[in-house]
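Please read the structure below before turning to the comments.
One is the number of the first residue; the rest follow in order along the sequence.
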Amino acid sequence: MHRTFCCCLVWLALGTVAASDIAQNFKRDEALWLRDPAAVAAVATIVQQGRVKRYSDEMLADGVHIATGTTTRLNAAIRSGNSTATTLLGVHGAGTELRFGGSWQADLGADFPMLVLRDHARMVWEAEAHLDFVMDRNFFTRQLWVWGDGSGTLELAPGFVSDRTRGAQVADAMGTIRLGGATLVTHRSHSLPYNSRPDGRGGIYHNGHVVFEGDTPSRWVVSSNPHHYAAQIDFAADGTIDCQAPLTHHGQLRDCLSVGNGGPFVSSGAFRTTRDGVTITKTGPAMLSLEGQQGYRPGARLVVEQGLLRIYSDPAAGTRYDDRAGDHLALTVAPDARVLIAAPLVRLARLELAAGATMWVLPGCRLAVSGEQQIDPAATVVRGRAAD
């Protein structure tokens with residue numbers, strides 16, 4: 001049973017509807033559980049201060065938690081109460097769908113915006129939702145920490161726009177989503193975690209992250225339209241990319257000089273693992289095309305269960321500043337799945353092609369496998385020329 005702690009609620013007359021302002025101090029373990037859809041819809045502002053330990057049951061003892069069992073809309077303005085605060089929102093329970101059309105500002109120096117999704121709950125960021133996690137002056141992005149039991153979903157509606165910087169003119173964007181036991185559903189490239197950032201040289205570059213981490217595997221469902229992502233995709237834990245629509249990753253290492261009140265900054269832009277022994281699974285009928293930098297730690301596996309994987313860069317090249325990345329990737333292609341080798345050199349630690357799998361090696365491209373190869377006699381291998 002969830003415990004409900006006291007917090008400060010101020011009810012304001014708004015015509016015939018009572019609007020509420022919620023203020024919480026996490027140093028006093030203040031949580032508010034809202035189960036009445038009308039009470040959720042009436043929330044006007046949520047101001048929170050104090051800190052919460054990430055990815056733990058302590059996240060249930062603070063914040064505003066919504067468990068209505070039905071579809072509810074929240075148009076509140078969420079913000080931190082001071083520069084060392086955390087903002088935290090939770091959505092819980094089968095049948096609970098929270099459609100968010102408000103604003104969430106978490107762009108101060110120590111902000112850690114957090115979202116809890118558990119027990120098959122769903123949250124949808126509507127087209128009018130405005131999330132500002134990018135700090136003024138230096139354009140560093142705060143990161144949204146999404147924690148759950150693996151059953152909850154965060155969906156970014158097709159009209160939701162993450163980057164409102166107007167080409168790095170205004171520090172206003174949602175740049176990072178960290179998944180620790182949740183499903184992310186996206187429909188358009190412009191909704192992906194992304195912000196334009198000055199490079200300190202008179203130019204701009206694109207910064208962003210989708211991160212898989214935590215003890216419970218997460219999933220990213222690429223839906224509806226082809227996606228292009230020129231930022232970082234990190235796997236610190238096992239995760240799945242479900243390509244119901246094509247996803248093309250073409251991120252590259254980017255660096256900047258000091259900007260505003262911030263120091264130099266480097267983003268790998270890579271599709272990569274950041275811990276040893278991590279498995280990435282590609283499902284769904286559509287294509288995953290790896291055209292940017294890649295980097296893999298020892299024990300990394302990429303399993304293609306469905307659809308096509310295209311490899312346009314060398315998996316062993318690393319990210320140029322990670323000295324643990326190298327020739328570590330084991331590639332497994334399941335029955336009826338396909339892989340295209342389209343880089344001048346693709347180095348793998350291990351290759352497994354199941355019966356019914358297909359691999360193409362384009363002319364002028366070379367596949368080098370340093371370890372074991374298991375190619376079923378019923379697999380199809382089409383080479384443009386002799387390959388190792």
Side-chain angles (χ1 to χ4, degrees), residues 104-107 111-113 115 125 129-136 138-146 154-180 182 184-200 203-213 218 220-223 225-236 239 241 245-256 259 262 264-274 280 288-295 313 319-322:
W104 191 341
Q105 185 172 14
D107 61 353
D111 261 322
F112 288 95
L115 176 63
W125 292 353
H130 184 171
L131 286 90
D132 179 8
F133 295 162
V134 170
M135 298 171 64
D136 287 338
N138 59 32
F139 284 79
F140 286 129
T141 182
R142 304 293 86 192
Q143 306 178 70
L144 178 69
W145 302 74
V146 184
L154 171 61
E155 180 176 357
L156 312 187
F160 173 77
V161 176
S162 64
D163 187 353
R164 298 170 178 261
T165 63
R166 301 203 304 267
Q169 297 182 58
V170 181
D172 184 357
M174 186 279 299
T176 299
I177 293 178
R178 308 183 74 95
L179 299 171
L184 173 67
V185 178
T186 60
H187 300 276
R188 305 281 305 226
S189 298
H190 61 222
S191 302
L192 302 180
Y194 215 61
N195 70 291
S196 299
R197 195 175 193 282
D199 71 355
I204 65 172
Y205 75 96
H206 299 299
N207 181 39
H209 308 76
V210 176
V211 181
F212 294 77
E213 60 188 358
S218 297
W220 175 10
V221 180
V222 179
S223 186
N225 299 282
H227 288 41
H228 291 264
Y229 197 49
Q232 201 161 302
I233 303 176
D234 284 352
F235 291 85
I241 296 182
L247 171 62
T248 299
H249 174 264
H250 48 91
Q252 300 287 335
L253 186 142
R254 303 285 187 238
D255 69 341
C256 76
V259 174
F265 178 76
V266 176
S267 172
S268 78
F271 185 98
R272 64 177 188 166
T273 62
T274 58
I280 304 168
L288 171 62
S289 190
L290 300 180
E291 303 182 14
Q293 282 190 276
Q294 300 179 65
S313 59
T319 58
R320 284 186 277 175
Y321 71 96
D322 185 351

Worksheet item: For residues His187 and Glu155, is any side-chain donor paired with an opposing acceptor at under 3.5 Å?
Response: yes
Worksheet item: What's the spacing between Ser289 OG and Phe271 CZ if we round to 0.5 Å?
Response: 11.0 Å
Discussion item. Checking Ser218 now: which residues fulfil side-chain contact (heavy atoms from CB on, under 4.5 Å) with it, not counting sequence neighbours?
Written reply: Leu179, Phe212
Worksheet, complete the sentence: Value for CG (Leu290) from OG1 (Thr248), rounded to nearest 0.5 Å, stands at 9.0 Å
Worksheet, complete the sentence: The reported gap from OG in Ser313 to CD in Glu291 (rounded to nearest 0.5 angstrom) is 8.5 Å
Fill in: Residue among Val185, Ile177, Leu192 satisfying side chain to side chain contact (heavy atoms under 4.5 Å, CB included) with Trp220
Leu192
Discussion item. Can a donor-acceptor pair be found, under 3.5 Å and without considering hydrogens, that links the side chain of Thr141 to the backbone of Val134?
Written reply: no
Discussion item. Just to verify, what does Arg142 make a salt bridge (Lys or Arg N to Asp or Glu O under 4.0 Å) with, not counting sequence neighbours?
Written reply: none
Discussion item. For a quick test of reading the model, state the closest non-hydrogen atom pair linking Ala270 to Asp234 and the distance between them.
Written reply: O-OD1, 4.2 Å
Discussion item. Would the distance check show the side chain of Asp111 and the main-chain N or O of Pro113 forming a donor-acceptor pair, the cut-off being under 3.5 Å?
Written reply: no
Worksheet item: Looking only at heavy atoms, what is the nearest atom pair of Ala173 and Tyr194, with distance?
Response: CB-O, 3.7 Å
Worksheet item: Does the Ser189 side chain pair with the main chain of His228, one donor and one acceptor, at a distance under 3.5 Å?
Response: yes
Fill in: Closest heavy-atom pair and its distance - Ser162, Ser191
CB-O, 3.7 Å
Practice prompt. Keeping the roles fixed (side chain from Ser196, backbone from His206), state whether a donor-acceptor pair exists under 3.5 Å.
Written response: no
Fill in: Step-by-step side-chain contact (heavy atoms from CB on, under 4.5 Å) determination, Glu213 to Arg178
CA-CA 7 Å; Glu213 60 188 358; Arg178 308 183 74 95; 2.8 Å; yes
Fill in: side chain to side chain contact (heavy atoms under 4.5 Å, CB included) partner of Leu144, chosen from Leu154, Val211, Thr176
Leu154
Worksheet item: Between the side chain of Gln232 and the main-chain N/O of His209, is any donor-acceptor distance below 3.5 Å?
Response: no
Worksheet item: Okay, side chain of His227, backbone of Asn225: is any donor-acceptor separation there less than 3.5 Å?
Response: yes
Worksheet item: When rounded to the nearest 0.5 angstrom, what is the spacing between CD in Gln105 and CG in Asp172?
Response: 8.0 Å
Practice prompt. First locate atom CD of Gln169, then atom CD1 of Ile204, and finally report the distance between them rounded to the nearest 0.5 Å.
Written response: 9.0 Å
Fill in: Non-hydrogen atoms of Met135 and Ala171 that approach each other most closely
O-CB, 3.2 Å
Fill in: Phe133 CZ to Phe112 CZ distance, which is reported to the nearest 0.5 Å
13.0 Å
Worksheet item: Just by modelled atom types, is the Tyr205 backbone N or O under 3.5 Å from a matching donor or acceptor in the Asp199 side chain?
Response: no
Item to complete: Can you label the angle between the His249 ring and the Tyr229 ring as parallel, tilted or perpendicular, going by 30° and 60°?
Response: tilted
